[in-house]
**Q** 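Take this structure, written in structure tokens, and hold onto it; I'll ask about it next.
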Amino acid sequence: MWQLENIFEKEISRPTIFEDRNVLSPHYIPDHLPYREKEITRVMKQIAPALSQKRPNNLFIYGKTGVGKTAVVKHVLEKLEETKEKYQASVGSIYLNCRVHNTRYQVLLKLAQHAAPEESFLGLSSTHLYERFLEYVGKGVVFIVVLDEIDKVKDLDELTYSLTRANDGLAKGHVGLIGISNSINFKEKLDPRSKSTLCQDEIVFAPYNADQLSAILKERAARGFKKGYVTDGAIHLASAYAAQESGDARYALRLLLKAGELADSKGKPVAEEYVKRARAAVEEDIVIELINTLPEHQSIVLYAIANLAEKGSKYQRLTENGEHVLFSGEAYEGYESLCRSWRINARSARWFREYLNELEMMGLITTMISGPGIRGNTRLIRLAFPPEKVKAAVEKRFA
DNA sequence: ATTCCACAGGAAGCGACGGCCC
DNA sequence: GGGCCGTCGCTTCCTGTGGAAT
């Protein structure tokens with residue numbers, strides 16, 4: 001008992017270089033969003049009519065991950081809530097992430113629950129939920145619905161239809177829709193009608209460049225770490241890395257946080273070397289995550305390749321720069337025997353080739369076609385990451 | 001030049017599954 | 001709730017390709 005308490009106390013009282021770790025978390029929404037002033041005003045303009053009980057415009061927001069789409073919209077919603085208090089406007093809003101609520105029913109359920117928080121909607125049809133929501137809006141409320149990752153909704157056409165139809169059927173009150181997505185091609189798949197209602201206005205968020213990322217990181221670092229515990233060099237390096245990776249601020253923050261953790265365990269300020277190590281660590285986290293979500297047979301194929309790459313074989317060749325490569329035929333044999341020992345039915349060779357293509361697309365392996373010097377027309381496979389790490393990740397998944 | 005090898009990847013088809021329609 | 005249709009994941013079959021062996 002005593003020991004346990006002491007460990008807790010020790011952990012708590014241990015000196016740390018962090019001032020407030022939350023500021024560095026990807027979920028944190030800062031009050032100030034640098035380089036997004038234009039976007040903020042545009043979003044505000046679209047929904048401003050709501051404050052004078054008029055119908056707001058629907059809006060579609062597009063941009064790659066980590067460019068501040070969600071942060072901007074959440075920020076605007078907060079401002080909207082503040083302002084409505086002041087003007088006593090009858091305005092409501094809800095933010096939903098469609099990865100969690102990915103059907104028409106689930107979205108409508110959240111809307112109904114928002115409309116009548118004390119009621120239970122267990123076992124009710126989506127029509128009923130919809131009616132309940134309309135009843136609420138019909139009292140003269142202007143309601144803003146934000147659907148983040150809107151491309152994840154399975155029956156989006158039906159959902160947008162319901163929500164826009166609400167406007168036609170109501171004498172008082174309006175519904176405004178804001179859709180957020182990181183894939184622009186997805187809207188081409190939409191029914192033309194939902195496309196035209198949803199995309200009344202569009203905003204495209206551009207990726208951040210290295211200087212902008214640097215400024216963002218600096219601002220966060222100033223609040224996340226204790227004074228003087230982050231070097232400018234570290235910040236510049238982290239932003240440079242992230243700028244290469246499609247200007248993703250979330251990635252930049254992840255790097256900084258990881259570098260912070262590494263430095264913290266040594267009680268040293270965050271310097272460039274920690275950022276470098278953080279990049280490797282973050283990269284590894286991402287790869288492990290990727291392997292964890294791989295379909296069963298793809299992970300077995302990967303494991304088989306790692307196995308062969310590790311222990312080598314008679315067919316194994318070396319490229320000019322001395323790296324190990326495998327023949328696809330032999331990799332298939334390895335996969336087959338692995339399946340046998342794990343008592344799993346192996347897929348056909350044809351499908352195996354398809355798996356190879358997918359693994360290559362995910363960057364877990366690289367392949368090249370055999371040139372002169374090798375009999376036949378085959379692919380040479382090379383693992384993109386150290387075999388031990390790949391094997392460990394697969395084993396963890398399989399256990 | 002011809003045949004053989006060791007595959008790549010397209011085409012067709014098959015069974016299971018999910019959604020939709022009456 | 002049963003019939004139908006589209007799609008997914010997969011197998012089987014097949015033609016193509018590029019270099020090696022003869």
Side-chain angles (χ1 to χ4, degrees), chain A residues 98-109 123-130 150-163 165 183 185-194 290-309 312-320 323-384 394 397-398:
Chain A
C98 299
R99 199 152 45 171
V100 188
H101 309 99
N102 59 0
T103 60
R104 180 175 104 105
Y105 175 81
Q106 290 189 11
V107 171
L108 289 177
L109 178 64
L124 291 183
S125 71
S126 47
T127 330
H128 201 101
L129 298 173
Y130 178 61
I150 193 169
D151 43 318
K152 297 288 188 300
V153 180
K154 284 167 190 158
D155 43 4
L156 185 57
D157 287 325
E158 286 83 350
L159 179 62
T160 45
Y161 177 67
S162 305
L163 292 178
R165 201 169 50 121
S183 107
N185 340 352
F186 117 93
K187 75 172 195 191
E188 305 306 328
K189 284 188 293 188
L190 283 175
D191 175 314
R193 266 187 314 177
S194 5
L290 191 62
I291 291 175
N292 280 342
T293 59
L294 233 43
E296 186 187 33
H297 280 270
Q298 287 186 33
S299 60
I300 300 174
V301 168
L302 194 65
Y303 193 89
I305 291 169
N307 234 345
L308 292 169
S313 73
K314 54 184 173 182
Y315 296 106
Q316 187 174 301
R317 302 281 173 105
L318 297 170
T319 52
E320 310 84 66
E323 279 177 295
H324 299 289
V325 284
L326 299 161
F327 282 36
S328 84
E330 205 222 345
Y332 183 65
E333 279 168 31
Y335 159 73
E336 267 187 314
S337 70
L338 201 57
C339 281
R340 265 198 303 278
S341 63
W342 290 357
R343 313 210 164 206
I344 293 167
N345 286 339
R347 297 281 111 95
S348 68
R350 179 68 189 86
W351 204 247
F352 171 80
R353 285 173 224 138
E354 221 63 43
Y355 287 153
L356 286 185
N357 288 337
E358 286 181 44
L359 289 175
E360 180 172 29
M361 266 197 287
M362 283 184 280
L364 290 168
I365 59 172
T366 54
T367 71
M368 50 196 272
I369 47 164
S370 62
I374 293 165
R375 191 171 220 258
N377 176 23
T378 183
R379 272 152 104 195
L380 305 173
I381 305 161
R382 185 176 49 215
L383 203 59
V394 176
R397 186 77 203 136
F398 221 81

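In the text below, chain A, chain B and the rest are named by the order of the sequence lines, each starting its count at 1.
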**Q** Let's see if you can work this out: which of C:dG16, B:dC5, C:dC10 has an atom nearest to the side-chain heavy atoms of A:R375?
**A**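 Per side-chain heavy atoms of A:R375, the pick is B:dC5.
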**Q** Rounded to the Å, how far apart are A:R350 CZ and C:dC14 C1'?
**A**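 That distance rounds to 11 Å.
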**Q** Between atom CE in A:M368 and atom P in C:dG18, what is the gap in whole Å?
**A**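 So the two atoms are 16 Å apart, to the nearest Å.
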**Q** Is any side-chain nitrogen or oxygen of A:T378 closer than 4.0 Å to OP1 or OP2 of B:dA6?
**A** no
**Q** Give, for atom CD of A:Q298 and atom OG1 of A:T293, the distance between the pair rounded to the nearest 0.5 Å.
**A**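 Rounded to the nearest 0.5 Å, the CD-OG1 separation comes to 9.5 Å.
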**Q** Looking only at side-chain atoms of A:S328, point me to the closest of B:dC7, C:dT12, C:dC10.
**A** B:dC7
**Q** For A:Y355, answer base if it contacts any base atom (sugar-phosphate contacts may also be present), sugar-phosphate if it contacts only those atoms, and nothing otherwise; contact means non-hydrogen atoms under 4.0 Å.
**A**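 Answer is sugar-phosphate: A:Y355 comes under 4.0 Å of backbone atoms only.
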**Q** How close do A:V394 and A:I291 get, counting heavy atoms only, and between which atoms?
**A** CG2-CG2, 3.7 Å
**Q** Suppose we call a contact any N or O donor and acceptor under 3.5 Å apart; does that hold for the side chain of A:R353 and the base of B:dG9?
**A**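 A donor-acceptor contact between them is present.
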**Q** Distance check: side-chain N/O of A:R379 vs OP1/OP2 of B:dG9, anything under 4.0 Å?
**A** yes
**Q** Reckon A:R347 touches a base, only the sugar-phosphate, or nothing at all at heavy-atom distances under 4.0 Å?
**A** sugar-phosphate
**Q** Whole-Å distance between B:dG9 C1' and A:E358 CD?
**A** 14 Å
**Q** Counting only side-chain nitrogens and oxygens, does A:W351 get under 4.0 Å of the OP1 or OP2 atom of C:dT11?
**A** no
**Q** Report the nucleotide, chosen from C:dG18, C:dT11, B:dG9, that has the shortest atom-to-atom distance to any side-chain atom of A:N377.
**A**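 Between C:dG18, C:dT11, B:dG9, the one nearest the side chain of A:N377 would be C:dG18.
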**Q** Determine whether the aromatic ring centres of residues A:Y355 and A:F352 are separated by less than 6.0 angstrom.
**A** no
